[in-house]
Each structure stands twice: as structure tokens, then as C-alpha cells.
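Written out below as C-alpha cells is the structure these notes cover.
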Amino acid sequence: MNFYRSHNCGELNVKNIDQDVYISGWVNKKRDHGGLLFVDLRDEYGITQCVVNADNPSFNLIENLKLESVIKVSGKVLKRSDDTTNPNLPTGEIEVLSNEIIILNDSNQIPFQVAINDDSPEELRLKFRYLDLRREKIHHNIIFRSKIIHSIRTKMIDKGFTEIQTPILTASSPEGARDFLVPSRLHNGKFYALPQAPQVFKQLLMISNFDKYFQIAPCFRDEDARADRSPGEFYQLDFEMAFVEQDDVFKTIEPVLYEIFTEYSKKSVTKPPFIKIKYKDSMELYGTDKPDLRNPLIIKDATKCFENSGFKIFENNIEKGFPVKAIKAPKTAGKPRGWYDKLNDWARANGQKGLGYIIYENNEFKGPIANNLNQENLKSIKTLVDLENDDSVFFISDENTNAVKFSALVRNKLCDEIDLLEKNVFKFCWIVDFPMYEIDQQTNKIDFSHNPFSMPQGGMKSLTNKNPLDILAWQFDIVCNGVELSSGAIRNHQIDIMKKAFEIAGYSEDELKERFGSLYEAFKYGAPPHGGSAPGIDRIIMLLAEEENLREVVAFPMNQQAEDLMMRSPNDASENSLKELGIQLRPKKK
RNA sequence: GGGGGUGUAGUUCAGUUGGUUAGAACGCCUGCCUGUCACGCAGGAGGCCGCGAGUUCGAGUCUCGUCACUCCCGCCA
């Protein structure tokens, strides 16, 4: 009890009848009957109807008060008559008959409705984020976020993890994204970098004999945004364990994710152990390394079916070394011609020449491609994708990388079109056995395909004996409903293997020392084998809150251009600051 | 850096094949109203149709450019 409230706006009920109370909150709604005024007073805990009679000295004041003003209402709790109770409100059986009303802070005309959840322009919502955050849905998302993070923290600590903070102002580390730089005043011309992840620090903590480390870690990357990728900054459940193998990491984090997802959602959740899909298989079956397993469609390689088929377009492609991919669309033979045409248009809009298809109906193959093929080819296709009556099958042919990418799109599109996505379920899987190296598309040179911290499978033996492109890494991702939640690895903790790994990617020992100086040194003093992962907190919450966009689960997000419209960030630096930092601007020509 | 979508009142949206004075709902203002809870009734204000060119007798509508927001690709675990 203090000056402002004896109760909050959500707790009064029939037990409080006849009590003198005082409550404070925002004016959510007013209903003015001339001689009688209803005010819905709102705080975080609920809404209470306050009645203001015409003989109340504050009547005129409140009648003219703008919505979202903050007031304190003192009065008596009355039971509402049966015909005036509101079953939609927890406080709907009572009301507060106002006596004294104090305006604590009045509001200007609000730029968008707070009491109603309509679609306001995102630009306005971000500019007036404090108003937006009052609105029911997003307000609850932020509370939801807090609960989930609390729960994650408890579970990690219960599992024996130690929470440790690592520096924000640090040095550039070689994760691969662009760094945010912070100029140093004490060292003119030098810069701190914000961590892209606490990667190096968590490995150093392993070397420091912290057996199990975790942190709800802020990460900063200067890369372009997506709906599921905040520009600038985001949070990871960063964890690392000493003396572990890949399966130990899996066994540790699987129950945490399973429990979080079952506690905070009504959907059914994959039970541990989550299935493991090899990277290579995932690319082949789903065209992506983050497959949505709610989608039952799979991709088949139909290249052989079109060899010497008489269908010139694909045959020419095959001669160039391009594959043909096939995806069965079950029970779509009855779809009108327009449906197929529309998919064809969609394919063109996505940069393809078209989207071929064959319809299998009444034991006959139909459609433009079918007419070009002989029965033998058609039968091989039927067997390949297991065509049943009334199914159709779609074909993608392009240069391999494009074909794989586009077939993933087609797989999603068809699932969407035929409404095959399994509902009310979170489907987890591990993607494992990522390749250690890949060919850089631009330079045509061998480079690390993930980060260079991972241990190659087979260790030094693989590095010396195998074709680099055949070497797998102890590198894994966890994927849920097509969203990549995290990636992790068993790390490379041995200098000689590291030297060799870098040598293969074309980096000298000097470069290794330059980029990994701290780890390179530390590995000389007894580094335990270790590994870990870092699930994205924002993405987990986005999935659980069933939101399509990260901004809906972040209190103060930036827009897609990485601007904070409310704080007006980024902004110019004052001449004074620049001078002190020894920085002269070099404006880019547009 | 590239591609798609959107841009009309404070907000959500409608606006025909290019054709009078650009509409509706919510919000706002004024008045009325003692039982509403999406209160009701009557009246009213509010528009550089994102911006700039162009085509046309005539542009919210067509063309080009540009800006903003958003989604995607590139980039990024």
C-alpha cells in the first residue's frame, strides 16, 4: 500500500465489496452517458471499471480527459447488478464508485489506438514504441520473453552450468560477419569491435577450467536484416562444455529445448533424442540445411529419368551437367489448368524458365512434358517418386546450386498450395556432418564452410589424407520448423591440427596467429577438448509466441534499415567527440 | 548492391475503363444522453491521393524517376 494504489487494476472482485480502495492506471476507454461516466482503468494486471457520477467534482475534468492519461481513482468497490456484470473481465462483477480522482499525468492525442489491436504502420509503432508496448499482444510477448529466459537460466544452472559475462568491448574475431567498431579515445586511430558472439571467450573459459559455461549473450553483427534476423544485435543462449563429444552436447541441450517448448506452448514437440540428418542428405531431400519437417514433401533426383528422353530442354541441361529434380504433389490431378499456370508464373517470377509437371490420372500421363516422353521414361519417373493415381509431379532443372535452392522453394510452395503443412507441432532435428571446406563461389578457392573453430572429423589423419572437400566437421545445427535455432561444434583445441586446417584453406601460420592470437597462445597451455552451441533466444521466443517477425518479441527493435526511429540512432557524432577520438569523416560518394 | 510488395483523412481501408465537389469505419471536436463495457443519438472538422516529372482537354487512377516502409536474394549461424 502506498499513495498510488491499494490494489492493482486486475485484482478487485466480489471479495472486496464495500471496501474503500484506490487504484491507479491508464484511461483505457471512456463511456460517457452525460449524467454518468464509465472509465476503464488499465494497468499491467488488468482493467477495472470506474463509475463517475455527475455530482463528482472531477466529472467535467474526466469527461474531457484524453485516453491514455494516467489517473488515480479513490472510491468504494460495489457489486454490479446481475444485468450489468461483464463476464469478459476478471473484475467484471464489481466496479469502483469514484470519489476522489487525481490526474497524475495527462496524455496528448495518441497517434494510434492502444486499447484496440489494429494494424498500425510499423514506422509509427517503432517511433512510439512505449505506446505500442502498452498494447495487449506485444506487452504479453515481452512478459513471455522474460519468463522463457528465466526458465532457460534456471534449467542451465540446474544442469551445473556457470553463468559468466564476457566483454562487450573487445577485439574483432573471425566469425565471418561484419563487425561493429567502437573508436577508442585513449588509443586514437584504434577500434574495439563488438562481439559477433562470445566464441573466443567461451573457449578460453574452457581452458580456464570452467567445466560448463553459459550466458544469455548479446551478439552484434553488422549484416542486413530479415524477418527472422534482427539487424545489429540479438541474443543467444551461448554454452560450452569441456571433455565432451558431440552426443554429450546433444544430450545436454535437447531436454532444455524440449522442456521450454512444452512448457511454453500447447503444440506437440519432438521428444528427445531429436533425429539427426546428415547435411548432405538434407540438401538432397529438402534442398536446404534447415528443413521444415512439418512439410512431408521430399525432393528426388530425376536426372536419369530424362536421359535420352526426347525432352530437349532437360536433355540439353543434363548434357551441361545440370540435374533434374522432381517433387511429387499428391492428389493434385484435379486442380484446374490455371493452378499449374500460376505455379509456372511463380517460377518465372523467381528467376526460373518455368516449372514443368506431369499429371498422372487414370493410369495416364498428361501434360506438356508427358507428351514428349516415351513410356519407359514415364514409368521410371512413376517409380522414382512413387506416383499414385491423381498425383502430379513437378520438375526443376538448372545449374546444380540453383536447382537445389529452387527445389527447396518449390517444396515449400507446393506444401503451401496443397495445405500439407502439419499443424500444431514443433519438429526438431539436428543437421550433422557439415563439410569442413567448400569452394568459394567467387574466388573458386577452398575455404572453411562454417567457422574455422570446428574439429575436423578424423582429426589430423583426415586433413592429411582426404580430399579437403570430403572432410566432414564436428559441426551441427539445430533446426525447428524450418528455423535454424543454433549452430554448434566440437572445437578444434590442438594447434597442429589448426595449423593444418588453416593451411588447407590457404592461410599461413602468421595469419592464424593474427586472427586467433589469443586462442593460439592459450592452446599451448593445456586446452581440454570442448564443444558447445548457441541457440538463438529471439528465434525461440518468436516460434513460441507464434510470431512471424522478431520485432514482435523484442522490446525496442530497430527497423530493417538498422535504425532506431525512437532514439534516432544511428546519428551524427558531435565535432567535439570526433576531435577527441581523432576521427575525420570520409563521406561516401553516392 | 539487386528483385518483389505497399504508399489515399490521426488510424484501418474503398475508390469502376482516366471524367463533376475523393468516400466509409474507428479516432478527434461540439451538443444531447444515469447502466455502458465496440455505449448510443445528432452535427462538425480533418486530404499536396508519399514526392517530382511526363502523357492527356482532363491523372488518386496511365508512364518514368525518386523517397519511405516492408518481404526476399546477396550477406549472415
Side-chain angles (χ1 to χ4, degrees), chain A residues 28-41 47-56 59 63-64 66-68 78 80-89 91-92 95 97 108-128 131 175-179 196-197 199 219-232 234 236 238 289-290 346 348-351 402 405-406 409 412 431 434 441-442 448-451 453-454 475-479 483-489 533-536 539 548-549 551 559-561 563 565 590:
Chain A
N28 191 58
K29 274 264 170 179
K30 284 189 297 180
R31 290 173 295 281
D32 187 353
H33 290 248
L36 173 74
L37 177 62
F38 296 103
V39 175
D40 288 341
L41 202 63
I47 290 177
T48 300
Q49 172 167 286
C50 303
V51 185
V52 188
N53 278 325
D55 55 6
N56 189 308
F59 186 85
E63 203 177 23
N64 291 315
K66 293 251 189 289
L67 295 179
E68 295 304 313
L78 299 182
R80 297 203 207 178
S81 64
D82 288 347
D83 56 330
T84 61
T85 58
N86 184 351
N88 300 321
L89 279 185
T91 61
E95 62 195 5
L97 180 60
N108 280 352
Q109 177 59 41
I110 46 179
F112 52 82
Q113 294 307 297
V114 170
I116 300 164
N117 277 311
D118 60 358
D119 289 329
S120 322
E122 190 139 31
E123 206 178 343
L124 261 192
R125 292 180 53 202
L126 292 176
K127 193 172 169 193
F128 296 94
L131 292 180
E175 265 102 4
R178 295 185 187 92
D179 284 316
Q196 295 178 23
Q199 181 68 35
C219 304
F220 305 89
R221 287 173 200 165
D222 188 4
E223 294 296 347
D224 289 349
R226 290 287 184 280
D228 65 350
R229 204 165 84 205
S230 300
F234 60 96
Q236 289 183 340
D238 192 46
D289 59 0
K290 42 181 182 178
W346 168 84
R348 289 208 182 91
N350 279 279
N402 289 338
K405 264 185 201 168
F406 186 62
L409 279 183
N412 288 341
I431 306 297
F434 276 82
Q441 297 280 0
Q442 272 144 20
F448 292 107
S449 67
H450 270 66
N451 67 46
F453 304 98
S454 308
Q475 169 85 39
F476 45 84
D477 280 4
I478 190 155
V479 174
V483 175
E484 181 194 309
L485 281 187
S486 80
S487 90
S533 185
R539 283 183 182 173
E548 296 290 320
N549 195 299
R551 288 186 294 270
N559 68 8
Q560 200 180 34
Q561 276 68 247
E563 298 163 315
L565 300 172
K590 288 217 168 172

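Letters go in sequence order (proteins before strands), and every chain restarts at 1.
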Query raised in the report: So which one's nearest nucleotide on RNA chain B is more toward 5', A/Phe112 or A/Ile116?
Result: A/Phe112
Report task. Take atom NZ of A/Lys30 and atom P of B/G27, then tell me their distance rounded to the nearest Å. Result -> 12 Å
Report task. Would you mind classifying the nucleic acid contact of A/Thr91 as base, sugar-phosphate or nothing, using non-hydrogen atoms under 4.0 angstrom? Result -> nothing
Query raised in the report: For A/Lys66 and B/C29, is the shortest distance between a side-chain N/O and OP1 or OP2 below 4.0 Å?
Result: yes
Report summary line: By the Watson-Crick or G-U definition, both distances under 3.5 Å, B/U36 is matched with none
Query raised in the report: Does the A/Glu223 side chain pair with the main chain of A/Arg178, one donor and one acceptor, at a distance under 3.5 Å?
Result: yes
Query raised in the report: Which part of the nucleic acid, if any, lies within contact of A/Gln109, taking any heavy atom under 4.0 Å across all strands shown: a base, the sugar-phosphate backbone alone, or nothing?
Result: sugar-phosphate
Query raised in the report: Should the heavy atoms of other residues, nucleotides or ligands under 6.0 Å from CG of A/Asn64 be counted, would the total exceed 12?
Result: yes
Report summary line: For nucleotides 71-76 of chain B, 5' to 3', base contacts (B), sugar-phosphate-only contacts (S) and non-contacts (-) with protein non-hydrogen atoms under 4.0 Å give BSBBBB
**Report entry** Distance, rounded to the nearest Å, where A/Glu63 contributes CD and B/C28 contributes C1'
**Finding:** 15 Å
Report summary line: Checking N1-N3 plus N6-O4 or O6-N4 for Watson-Crick, or N1-O2 and O6-N3 for wobble, each under 3.5 Å, the partner of B/U63 is B/A53
Query raised in the report: Paired with B/A24: which nucleotide, if any, by Watson-Crick or G-U wobble criteria at under 3.5 Å for both distances?
Result: B/U12
Query raised in the report: So, does A/Arg221 use its side chain to make a donor-acceptor pair with the main chain of A/Gln196 at under 3.5 Å?
Result: yes
Query - Pair partner, B/U6 [Watson-Crick or wobble, under 3.5 Å] - result: B/A68
Query raised in the report: Planes under 30° and centres closer than 5.5 Å, is that true for A/Phe38 with the base of B/U36?
Result: yes
Query - Euclidean distance for P, B/C49 against B/U21 (whole angstrom) - result: 15 Å
Query raised in the report: In the structure shown, which nucleotide is the Watson-Crick or G-U wobble counterpart of B/G74, with both distances under 3.5 Å?
Result: none
Requested in this report: Using a 4.0 Å heavy-atom cut-off across all strands, classify A/Gln475 as base, sugar-phosphate, or nothing.
Outcome: base
Query raised in the report: If the P atom of B/U8 is compared with that of B/C69, how far apart are they to the nearest Å?
Result: 15 Å
Report summary line: The answer to which of A/Gly488 and A/Thr85 contacts RNA chain B further toward the 5' end, by nearest nucleotide, is A/Thr85
Query - Interatomic distance at C1', B/A68 relative to B/C75, whole Å - result: 23 Å
Report summary line: Of the listed B/U36, B/A38, B/U70, the closest approach to the A/Asn559 side chain comes from B/U70
**Report entry** Candidate pair A/Asp224 and A/Arg229, rule salt bridge (charged side-chain N to carboxylate O under 4.0 Å, His left out), full reasoning
**Finding:** CA-CA 8 Å; A/Asp224 289 349; A/Arg229 204 165 84 205; over 6 Å; no
Query raised in the report: Does B/U36 have OP1 or OP2 sitting under 4.0 Å from an N or O in the side chain of A/Gln49?
Result: no
Requested in this report: Using a heavy-atom cut-off of under 4.0 Å over every strand shown, decide if A/Leu485 touches base, sugar-phosphate, or nothing.
Outcome: nothing
Query raised in the report: What integer distance in Å separates A/Glu123:CD from B/G10:C1'?
Result: 14 Å
Query raised in the report: When the C1' atoms of B/U61 and B/U55 are considered, how many whole Å apart are they?
Result: 14 Å
Query raised in the report: Looking at residues at least two apart in the chain, or sitting in another chain, which of them share a ring pair (Phe, Tyr, Trp, His ring centres under 6.0 Å) with A/Phe448?
Result: A/Tyr437, A/Phe502
Report summary line: A/Phe128 atom CZ is separated from B/U11 atom C1', nearest whole Å, by 13 Å
Requested in this report: Please work out if A/Glu95 contacts a base, only the sugar-phosphate, or nothing of the nucleic acid, heavy-atom cut-off 4.0 Å.
Outcome: base
